[in-house]
K.L.:
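Okay, here's the structure, questions in a sec.
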2 protein chains.
Amino acid sequence: MTESLPLSIPAPQRTCTISEGTEELVREMLVRIGDRWSLRVIETLSEEGSFRFTRLRERLDGVSQKMLTQTLRQLERDGLVERQVFAEVPPRVDYRLTPLGEELGETLCGLWMWAERHLCDVQQAREAFDGQAAPAPRETAQAVTG
Amino acid sequence: MTESLPLSIPAPQRTCTISEGTEELVREMLVRIGDRWSLRVIETLSEEGSFRFTRLRERLDGVSQKMLTQTLRQLERDGLVERQVFAEVPPRVDYRLTPLGEELGETLCGLWMWAERHLCDVQQAREAFDGQAAPAPRETAQAVTG
DNA sequence: CTGGATCCACGTGGATACTG
DNA sequence: CAGTATCCACGTGGATCCAG
């Protein structure tokens, strides 16, 4: 298990060497894009470029106005999404991914493919876990004798 | 970003659109490992192999007993973490990553490196966003004169 | 059309007490 | 030592109303 440290980081290139903050940021980003809508926003914008508010909301069928606004604000704050406001009547606002957001989307692709590869594995693991939870007290189910 | 990817990912140009269930699973996994402790559990187990409950809890200083148990259960349910119960007194339980969990950890490495590369970018974006929120009504900051 | 503000339901995480 | 159960605080997401 020491042949490859998956989560250890080789060598930072940037001047901001904050190994501490990196873990924090990773978790923050996971939480951020793991919320109900961010991932779909990134996916949609990544595939089809620019979207205006209402059009985007239609695409993410089920999202409330508040949540879409909130989601877009958070993504914008992290520099992942860019807002372009047109001084028109009625108001028009376009949203699109920044280069930073696009790169994150590409990075997410690795996770995407992991999920695709192991979708069945996870589902089976869950079924097995849930299945053995009911019939037996599982605490002693696979107890090892020495 | 093909040169820095740890996995043999074929350089996606855009978000890879796959099946419905995959997106759901991706979001689930993001939420799961994005919670307060899962990422650290995976990281710790990935780096140092097997851990028993209390030892692991010491490592994740700050985690409550309930949350560690809950976190481990969820990871176990998804087939990412394996439990080994010893029928001893006092009780002993060892936790370690499954191959599936290790592969996920490796996949997460891509995200990790993204965060490392763009830690400054994100921080600056946040400062810029928060900074312009107060002084100006930002809605008309980059408005287009149509 | 865009989106801020408010009220509310619910899930999650933490502290504590107790069990095997 | 490992784990369950309970109570509680808080954040998050949704519905709705209101404003530019």
Side-chain angles (χ1 to χ4, degrees), chain A residues 27-28 30-41 50-77 81-96 129 133 136-144, chain B residues 27-28 30-41 50-77 81-96 129 133-134 136-144 146:
Chain A
R27 236 187 38 76
E28 280 182 29
L30 286 171
V31 171
R32 175 66 55 240
I33 61 181
D35 70 6
R36 192 148 189 78
W37 304 108
S38 294
L39 185 61
R40 302 200 175 179
V41 168
S50 187
F51 265 91
R52 57 190 306 177
F53 190 85
T54 302
R55 187 81 185 86
L56 185 57
R57 187 178 174 187
E58 293 171 358
R59 256 326 183 65
L60 309 174
D61 191 56
V63 66
S64 67
Q65 175 276 321
K66 168 193 167 184
M67 288 316 301
L68 182 54
T69 299
Q70 183 175 306
T71 298
L72 288 169
R73 282 295 172 282
Q74 291 167 337
L75 293 174
E76 184 190 3
R77 194 178 101 96
V81 159
E82 203 169 10
R83 247 166 66 104
Q84 187 171 14
V85 182
F86 298 89
E88 300 177 354
V89 172
R92 170 183 177 149
V93 180
D94 277 14
Y95 293 92
R96 61 184 181 85
F129 184 91
R138 66 182 292 288
E139 257 63 39
T140 58
Q142 52 180 327
V144 177
Chain B
R27 234 187 40 77
E28 281 182 28
L30 287 171
V31 172
R32 174 66 56 240
I33 61 182
D35 68 9
R36 192 150 190 77
W37 305 108
S38 294
L39 185 62
R40 304 201 174 180
V41 168
S50 187
F51 266 91
R52 57 190 305 176
F53 190 85
T54 301
R55 187 83 185 85
L56 185 57
R57 187 178 173 186
E58 293 170 358
R59 258 321 185 66
L60 308 176
D61 191 56
V63 67
S64 68
Q65 178 277 324
K66 169 192 166 183
M67 288 316 300
L68 181 53
T69 300
Q70 183 175 307
T71 299
L72 288 168
R73 283 293 173 286
Q74 290 167 337
L75 293 175
E76 184 192 1
R77 194 177 102 96
V81 160
E82 202 167 10
R83 246 166 67 103
Q84 187 170 16
V85 183
F86 298 88
E88 300 176 357
V89 172
R92 169 183 179 147
V93 180
D94 277 13
Y95 292 91
R96 62 184 182 85
F129 185 91
R138 65 183 290 287
E139 258 64 40
T140 57
Q142 51 180 330
V144 177

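The chains referred to below are lettered A, B, ... by the order of the sequence lines, with proteins before strands, and numbering in each begins at 1. Since the structure is predicted, the reported quantities are computational estimates derived from the model, not experimental observations.
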K.L.:
So do the side chains of B/Gln74 and B/Arg77 get within less than 4.5 Å of each other, counting heavy atoms only?
P.N.:
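A side-chain contact is absent here, since even the closest heavy-atom pair is not under 4.5 Å.
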K.L.:
Can you tell me if B/Arg83 touches the phosphate of D/dA2, counting only side-chain N or O atoms and a distance under 4.0 Å to OP1 or OP2?
P.N.:
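Indeed not, no polar side-chain atom of B/Arg83 lies that close.
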K.L.:
Hey, which sits more toward the 5' end of DNA chain D by its nearest nucleotide, B/Tyr95 or A/Val63?
P.N.:
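Its nucleotide being nearer the 5' end, the pick is B/Tyr95.
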K.L.:
Rounded off to whole Å, could you give me the CG-to-C1' distance for the B/Leu68 and D/dC1 pair?
P.N.:
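B/Leu68 atom CG is separated from D/dC1 atom C1' by 13 Å.
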K.L.:
Does B/Gln65 put a side-chain nitrogen or oxygen below 4.0 Å from OP1 or OP2 of C/dA15?
P.N.:
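Checking B/Gln65 against C/dA15: no side-chain N or O falls below 4.0 Å of OP1 or OP2.
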K.L.:
I need the CD-C1' distance between A/Gln70 and D/dG13, as an integer number of Å.
P.N.:
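So the CD-C1' distance, A/Gln70 to D/dG13, works out to 7 Å.
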K.L.:
Which sits closer to the 5' end of DNA chain C, A/Lys66 or A/Pro90, going by the nucleotide each is nearest to?
P.N.:
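Whichever sits nearer the 5' end wins; that is A/Pro90.
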K.L.:
Starting from C1' on D/dT12, measure out to CD on A/Gln74 and report it in whole angstrom.
P.N.:
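Nearest whole value for this atom pair: 10 Å.
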K.L.:
With DNA chain D as reference, determine whether A/Pro91 or A/Gly62 sits nearer its 5' end, using the nearest nucleotide of each.
P.N.:
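Between the two, 5'-proximity favours A/Gly62.
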K.L.:
Report the distance from atom CH2 of B/Trp37 to atom CG of B/Leu56, rounding to the nearest 0.5 Å.
P.N.:
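So the CH2 of B/Trp37 and the CG of B/Leu56 are separated by 10.5 Å.
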K.L.:
Of the nucleotides D/dG3, C/dG13, D/dG13, which one has an atom closest to the side chain of B/Phe53?
P.N.:
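From the listed options, D/dG3 comes nearest.
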K.L.:
For A/Phe51 and C/dC1, what is the distance between atoms CZ and P respectively, to the nearest whole Å?
P.N.:
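Going from A/Phe51 (CZ) to C/dC1 (P), I get 16 Å.
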K.L.:
Going from OG1 on B/Thr71 to CZ on B/Arg32, what distance comes out if it is rounded to the nearest 0.5 angstrom?
P.N.:
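It comes to 8.5 Å.
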K.L.:
Give a yes/no answer on whether the side chain of A/Arg36 brings an N or O atom under 4.0 Å of OP1 or OP2 in D/dG14.
P.N.:
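For D/dG14, OP1/OP2 do have a side-chain N/O of A/Arg36 under 4.0 Å.
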K.L.:
As a quick check of understanding, evaluate side-chain hydrogen bond (donor to acceptor under 3.5 Å, both in side chains) for B/Arg52 and B/Tyr95, giving each step before the final call.
P.N.:
CA-CA 6 Å; B/Arg52 57 190 305 176; B/Tyr95 292 91; over 6 Å; no
K.L.:
Could you give the CG-to-C1' distance, from B/Leu39 to C/dG13, as a whole number of Å?
P.N.:
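Between C1' of C/dG13 and CG of B/Leu39: 17 Å.
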K.L.:
Once you round it to whole Å, what is the distance between P of D/dG3 and CG of B/Asp94?
P.N.:
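After rounding, the gap between these two atoms is 10 Å.
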K.L.:
From the set D/dG14, D/dG13, D/dG3, return the single nucleotide nearest to any side-chain atom of A/Ser64.
P.N.:
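Between D/dG14, D/dG13, D/dG3, the one nearest the side chain of A/Ser64 would be D/dG14.
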K.L.:
For C/dT12, take OP1 and OP2 only and decide whether either is under 4.0 Å from a side-chain N or O of B/Trp37.
P.N.:
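Indeed not, no polar side-chain atom of B/Trp37 lies that close.
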K.L.:
From CD of A/Gln84 over to P of C/dG3, roughly how many Å is that when rounded to an integer?
P.N.:
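So the CD-P distance, A/Gln84 to C/dG3, works out to 13 Å.
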K.L.:
In whole angstrom, what separates B/Leu56's CG from D/dG3's P?
P.N.:
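B/Leu56 atom CG is separated from D/dG3 atom P by 11 Å.
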K.L.:
With a 4.0 Å limit, can you tell me whether A/Arg73 has a side-chain N or O closer than that to the phosphate oxygens OP1/OP2 of C/dG3?
P.N.:
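Affirmative; the distance criterion is met.
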K.L.:
Decide whether B/Thr69 and B/Gln65 meet the rule of one side-chain donor and one side-chain acceptor closer than 3.5 Å.
P.N.:
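B/Thr69 vs B/Gln65: donor-acceptor pair found between side chains.
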K.L.:
Choosing from C/dG13, D/dG3, C/dG4, which nucleotide comes nearest the side chain of B/Met67?
P.N.:
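Among the listed nucleotides, the one closest to the side chain of B/Met67 is C/dG13.
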